[in-house]
**Q** 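Here's a structure for you.
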Number of protein chains: 4
Amino acid sequence: MSRDDKNDETTLSPRAREQRERILAAAQHCFVKYGFHAASMANIAEAAAMSAGLIYRYFPNKSSIVLAIIERQSEMELEDIRALGASTDPVDALMECFVEWSRPRPDMRIMNAALFLETSAEATRDKQVANAIHHADELACTEFRQWLEKPAEEGGIGMSPAISERRSLALMLLVEGLAVRAARDPKLDTELLREALAEVVHKLMEE
Amino acid sequence: MSRDDKNDETTLSPRAREQRERILAAAQHCFVKYGFHAASMANIAEAAAMSAGLIYRYFPNKSSIVLAIIERQSEMELEDIRALGASTDPVDALMECFVEWSRPRPDMRIMNAALFLETSAEATRDKQVANAIHHADELACTEFRQWLEKPAEEGGIGMSPAISERRSLALMLLVEGLAVRAARDPKLDTELLREALAEVVHKLMEE
Amino acid sequence: MSRDDKNDETTLSPRAREQRERILAAAQHCFVKYGFHAASMANIAEAAAMSAGLIYRYFPNKSSIVLAIIERQSEMELEDIRALGASTDPVDALMECFVEWSRPRPDMRIMNAALFLETSAEATRDKQVANAIHHADELACTEFRQWLEKPAEEGGIGMSPAISERRSLALMLLVEGLAVRAARDPKLDTELLREALAEVVHKLMEE
Amino acid sequence: MSRDDKNDETTLSPRAREQRERILAAAQHCFVKYGFHAASMANIAEAAAMSAGLIYRYFPNKSSIVLAIIERQSEMELEDIRALGASTDPVDALMECFVEWSRPRPDMRIMNAALFLETSAEATRDKQVANAIHHADELACTEFRQWLEKPAEEGGIGMSPAISERRSLALMLLVEGLAVRAARDPKLDTELLREALAEVVHKLMEE
DNA sequence: TATGAATGAGGCTTCATTCAT
DNA sequence: TATGAATGAAGCCTCATTCAT
């Protein structure tokens, strides 16, 4: 969370912000394609159409880029979850997630299954990543609970906190399992998946 | 699956098989600790208490070790799933998985959450890994279905194939979500998790 | 000595001279702090509160700055020696040198032990530096001799040229040894040093 | 002083010791030629006729090589001082030092004026270097004092400790000044230098 | 005049892999 | 069979220098 003031988004010139964005997009592309470790700064530089040296004007080192990507990714996850709550049919929202995550070249979207899994694995080894992830997960979990507890008069289910605690966890397992599936079997029969999801999700939303 | 004949397990001398085993155990240890890319051949050689050069007598290169580890891992997954079916209480079996996966140093066991996730991510990029994984997943899924469909007279639930197809998929999502949780939040409250799992699993086992 | 005409001090506008001065002061500061090689143009630019690019309007490259600093330094050395001759007690003057040279942050003064030593070492490798230094040393030596030979009626010692030739060399060894000491042992007991210097200097000033 | 056990000279294989020696000789050569910072690992590798990577089997990084060279150099300095005490005429010994130090290519000897000066300058900036140097200087100073205090019946001067404290410091200044001269003016008239040294040294050896 | 973004070469270091022994 | 020395390519990063603005 604590960023170098130099790169603090609030004090960045438009140009600098633009460049950072370009680099992050390139990095995201390369990380998806090769993985965090296998992607080289040269790969990223090429994808960003700039020299490798220039990247270091905007990021102090490679791992800060990784971290920035992880933070961005976490934000996307949160948005996904919010979309899930906002959608008429949560199953549709989940399916959309699956399809997007398993797309071979998700250029436009930060969230990507392989990245998500690698990030999760990295949390096991890198304290900084672990912290970033933990924070993101807390937000995600809260979001799930608020969704389940939203009163009926607001169009929600109005689940009791005692139950929502368990159910939100179950939902997280499901969503994260979806990410694993997206990576391991991107060609999974979507109809079958939809049915399976529909069943579980509905069971989980009953009081 | 198509292995170099030289290393085909059926033609291997006992000595060779032993050495391969030693190397794989060491590699597993290192991959868990550092990740596939960050673990070096030197790390593995040291963990195996042999010279780096010797490893190349048993494996043509690093990625063949990775592949072998992935295959072994898949076998362990299968065993986990079988244990799940065999246990009196599947929830207990799941909890055991979670605890083992999230252990900081699972020296004795091949299956490990971080490894599983990294492997899954790698499937996105490496065709060979993808194939190995796909095969493993099919076996796993079949196992789940057989468990759900086991006739009542044999102590099973006797679920109908039409339903078990969906439910086995849901179970996989759950189990794989568990792996993600184990990596992202190893200190997760196990009591809460048990309750959440119990609820979903029981719902999924109802006709 | 042969400078680029563009930067010849005689043809420089006051503005340009001012800028050069600012750069040199910054460079001196950085060279003392980091050493000739470790100090970067970016460091110097920051210390001079100007852009890196602008420096190149006043100096063709980094090594020309190094050379300019060396020349300035030589001038300071000469002043030190003159101060030594002019002071009532040469030992006091030497002590002052030592203290200034070994100061951690001699911001105001160009002469600095570490810089002096690095410069001397560089003379071994760079012909231009060697020339600059040789010239400076000749002036310094002459200064010493003139001081020793100054007639008694002018308040001097009136040493004979035959002897002053040797003694001035001995004095240089002493002063330069002082620079080495300042770098190697800046916390050297100044009282002891004063006594040691007093003894030798007085012996060297006897006919 | 505290070395990595792996590189502890007492546990090194003959081969390893040989290689370390080869690397150090090459490094010494390059450091003299280019300076500590300007000499690259590639330079050293080439001079040692081995690949750059191989150097890292024997030294963990460049600065450990620098430190090793500094330690060796300090040992040579000590030997020089001992030779000075042991020689019939200390002035001869000093002259020999000067000549050796100022040789353009002192391949056989570690001690070299430029290296000595650069080391001294580096002590200003690097704590590890400062420590190594401080230790070396203490030994050197002790050596000087023991020489001056050696009783007459053993062929010494038998100087009193009170005086030797000052005189040994003066001698160090002189010797170190000699190093500076060797770097700054390697073509200095040796006859003149000898006379100058003879005079001061003899004065310093009188009670 | 002044900026600072941009480059490209080069520096240090690691590591999979080979090979003489 | 086993070692571990050796290599070379590649990775990350820094920096003097240039150039469009």
Side-chain angles (χ1 to χ4, degrees), chain A residues 13 15-16 18-19 22 34 37-45 48-66, chain B residues 13 15-16 18-19 34 37-46 48-66, chain C residues 13 15-16 18-19 34 37-46 48-66, chain D residues 13 15-16 18-19 22 34 37-45 48-66:
Chain A
S13 73
R15 169 65 170 170
E18 212 173 79
Q19 291 283 62
R22 197 143 70 97
Y34 304 114
H37 284 93
S40 73
M41 291 300 286
N43 290 151
I44 298 174
M50 62 174 68
S51 71
L54 186 53
I55 295 180
Y56 288 85
R57 182 173 283 279
Y58 302 99
F59 293 91
N61 48 42
K62 185 181 172 183
S63 70
S64 71
I65 299 182
V66 169
Chain B
S13 73
R15 166 67 170 166
E18 211 173 79
Q19 291 283 60
Y34 305 115
H37 281 92
S40 72
M41 292 298 282
N43 290 151
I44 297 173
E46 193 187 349
M50 63 172 66
S51 71
L54 189 52
I55 295 180
Y56 286 83
R57 187 168 287 278
Y58 301 98
F59 292 90
N61 50 40
K62 187 179 172 183
S63 67
S64 69
I65 299 182
V66 170
Chain C
S13 73
R15 167 66 169 166
E18 210 173 81
Q19 291 283 60
Y34 304 114
H37 281 92
S40 73
M41 292 298 283
N43 290 151
I44 297 173
E46 193 187 348
M50 63 173 67
S51 71
L54 188 52
I55 294 181
Y56 285 84
R57 187 168 287 278
Y58 300 98
F59 292 91
N61 49 40
K62 186 180 172 183
S63 66
S64 70
I65 300 182
V66 170
Chain D
S13 73
R15 169 64 171 171
E18 214 172 78
Q19 290 284 63
R22 197 143 71 98
Y34 304 115
H37 284 92
S40 73
M41 291 300 283
N43 290 151
I44 297 175
M50 62 174 68
S51 72
L54 187 53
I55 295 180
Y56 288 84
R57 183 173 283 279
Y58 302 99
F59 293 91
N61 49 43
K62 186 181 173 183
S63 70
S64 71
I65 300 182
V66 170

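Residue numbers begin at 1 in each chain, while the letters A, B, ... track the order of the sequences.
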**Q** Between A39(A) and Y34(A), which heavy-atom pair has the shortest distance, and what is it?
**A**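 Shortest heavy-atom contact: N-CB, 3.8 Å.
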**Q** List in chain and number order the residues that pass salt bridge (Lys or Arg N to Asp or Glu O under 4.0 Å) with E46(C), two or more places apart in sequence or in another chain; answer none if no residue qualifies.
**A** none
**Q** May I ask you to evaluate whether S51(B) reaches the phosphate of dG4(F), defined as a side-chain N or O under 4.0 Å from OP1 or OP2?
**A**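 Negative; the distance criterion is not met.
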**Q** Could you tell me the separation between the CZ atom of R22(A) and the CD1 atom of I44(A), rounded to the nearest 0.5 Å?
**A**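 Answer for the CZ-CD1 pair, R22(A) versus I44(A), is 13.5 Å.
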**Q** What does the 5'-to-3' dot-bracket notation of DNA chain E look like when only Watson-Crick and G-U wobble pairs under 3.5 Å count, and pairs to other strands show as |?
**A** .||||||||||||||||||||
**Q** Would M50(A) and Q19(A) count as a side-chain contact (heavy atoms from CB on, under 4.5 Å) if you check the C-alpha gap in whole Å, the side-chain angles of each, and the deciding distance to 0.1 Å?
**A** CA-CA 10 Å; M50(A) 62 174 68; Q19(A) 291 283 62; 3.7 Å; yes
**Q** Report the distance from atom CZ of R57(A) to atom P of dT3(E), rounded to the nearest whole Å.
**A**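 Atom CZ in R57(A) sits about 14 Å away from atom P in dT3(E).
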**Q** Distance check, rounded to the nearest 0.5 Å: Y58(A) atom OH versus S64(A) atom OG?
**A**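 Going from OH on Y58(A) over to OG on S64(A), the span is 14.0 Å.
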**Q** Taking all atoms of both residues into account, what is the closest heavy-atom pair of H37(D) and K62(D), and its distance?
**A** O-NZ, 3.4 Å
**Q** Tell me the interatomic distance from I44(C), atom CD1, to dG4(E), atom P, rounded to whole angstroms.
**A**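 That distance rounds to 17 Å.
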**Q** For I65(D) and dC12(E), what is the distance between atoms CD1 and C1' respectively, to the nearest whole Å?
**A** 11 Å
**Q** Rounded to whole Å, how long is the line connecting atom OH of Y34(D) with atom C1' of dG10(E)?
**A**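 Value for this atom pair: 14 Å.
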**Q** Return the value, rounded to whole Å, for the distance between atom CD1 of I55(B) and atom C1' of dC19(E).
**A** 16 Å
**Q** I'd like to know if the side chain of S40(A) reaches the main chain of N43(A), judged simply by a donor and an acceptor atom lying under 3.5 Å from each other, with no hydrogens or angles considered.
**A**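 Side chain of S40(A) to backbone of N43(A): a pair is present.
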**Q** Locate the shortest heavy-atom distance separating S51(D) from A45(D); write the atom from each residue and the value.
**A**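 Smallest interatomic distance, heavy atoms only, reads C-CB, 3.9 Å.
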**Q** Go nucleotide by nucleotide along DNA chain E from the 5' end; which of Q19(C) and M50(A) gets its closest nucleotide reached first?
**A**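 Residue closer to the 5' terminus by nearest nucleotide: Q19(C).
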**Q** Mark up nucleotides 10-15 of chain F, 5' to 3', with B wherever a protein heavy atom is under 4.0 angstrom from a base atom, S wherever such an atom reaches only the sugar-phosphate, and - elsewhere.
**A** -SSBB-
